[in-house]
Amino acid sequence: MSAPTVKVGDTVPECTFWYVPYTPESDDLAACGIPTKLSTDAWKGKKVVLFSVPGAFTPTCHVNHLPPYLQKYDEFKAKGVDTIAVIAANDPFVMSGWAKATGLKDKILALSDADAEWSAKLGLDVDLSGRGMGFGKRTARFAIVLDDLKVKYIGVEPGPGVSVSGADAVLAAL
């Protein structure tokens, strides 16, 4: 990963993510749902917590990064957070499957940053090619707090594991 190009005080670049919105019918693992678009414009005037993982269902992302955000959902809401979203370069169907498997329901959006394009605009993409697993270009592990599309906090993991992008670090920054 190169150095992040986004910093506190910046307005994030526009992006349109794909995701499968939660519905009670989508609790059925056989239900695929219809992907829809979500623009960053929807976050104007809102406080948003975004955290990014290199891949859905991967060990650190699945076990250590995402669960604390769901467990502490009420704490984020008590601090005025309007939207919490997890971002990965996986397609919207994989992100939807991961949301179902982890019980996100309508609490945390599972957004597809296709080809890590938005993350690349932030300098927060990583090339995981050459590992023999087909990972390719991915989103780095990071967290961003936005207030009216302006960056108020950014935590980019310096190596393996979850610290500055984890739920506790983000809650402390709010």
Side-chain angles (χ1 to χ4, degrees), residues 12 15-40 42-43 46-114 116 118-119 122 124 126 135 138-147 149 151-174:
V12 292
C15 177
T16 300
F17 298 100
W18 284 94
Y19 79 112
V20 176
Y22 172 77
T23 64
E25 296 79 25
S26 66
D27 283 336
D28 179 357
L29 290 178
C32 290
I34 308 281
T36 189
K37 295 178 182 180
L38 175 73
S39 170
T40 49
W43 299 332
K46 295 184 178 179
K47 187 182 287 188
V48 178
V49 169
L50 306 171
F51 65 102
S52 174
V53 299
F57 294 108
T58 57
T60 301
C61 308
H62 189 72
V63 176
N64 300 322
H65 206 173
L66 183 141
Y69 278 93
L70 185 56
Q71 292 160 359
K72 296 173 188 249
Y73 173 83
D74 291 334
E75 292 177 52
F76 282 102
K77 288 305 208 177
K79 291 197 173 214
V81 172
D82 297 297
T83 302
I84 304 170
V86 59
I87 300 169
N90 298 106
D91 68 68
F93 295 106
V94 169
M95 293 301 286
S96 176
W98 194 36
K100 291 177 190 183
T102 55
L104 298 185
K105 298 193 182 277
D106 59 352
K107 292 184 175 183
I108 297 176
L109 299 175
L111 304 178
S112 173
D113 181 7
W118 188 71
S119 296
L122 305 174
L124 295 171
V126 60
F135 285 150
R138 296 289 180 127
T139 54
R141 187 178 308 284
F142 64 87
I144 295 178
V145 174
L146 302 176
D147 194 345
L149 299 178
V151 177
K152 298 298 182 183
Y153 172 83
I154 182 165
V156 181
E157 294 300 344
V162 178
S163 59
V164 297
S165 69
D168 288 333
V170 173
L171 278 167
L174 289 171

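Sequential numbering from 1 along the given sequence is applied to the chain's residues.
In this structure, the separation between OG on Ser26 and CG on Asp106 is 9.5 Å, given to the nearest 0.5 Å. To the nearest 0.5 Å, atom SG of residue Cys15 and atom CD1 of residue Ile87 are 8.0 Å apart. Rounding to the nearest 0.5 Å places NZ of Lys72 at 3.5 Å from CG of Asp168.
Side chain of Ser112 to backbone of Asn90: a donor-acceptor contact under 3.5 angstrom is found. A donor-acceptor contact shorter than 3.5 Å links the side chain of Lys47 to the backbone of Lys79. Remark: the backbone N or O of Ala140 is paired with a side-chain donor or acceptor of Ser52 at under 3.5 angstrom. Between the side chain of Thr139 and the main chain of Ala116, no donor-acceptor pair closer than 3.5 Å is present. Put simply, the side chain of Glu157 gets close to the backbone of Ser165: a donor and an acceptor are under 3.5 Å apart.
Residues Trp43 and Val12 have side chains not in contact (no heavy-atom distance under 4.5 Å, counting atoms from C-beta outward).
Under 3.5 Å, the side chains of Asp113 and Ser119 contain a donor-acceptor pair of N or O atoms.
Closest approach of Tyr22 to Lys105, counting heavy atoms only: CB-O, 3.3 Å. Minimum heavy-atom separation, Ala99 to Ala110: CB-CB, 4.1 Å.
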Next on the checklist: Applying side-chain contact (heavy atoms from CB on, under 4.5 Å) to Trp118 and Leu50, what does each step give before you reach the verdict?
Outcome noted: CA-CA 12 Å; Trp118 188 71; Leu50 306 171; 3.6 Å; yes
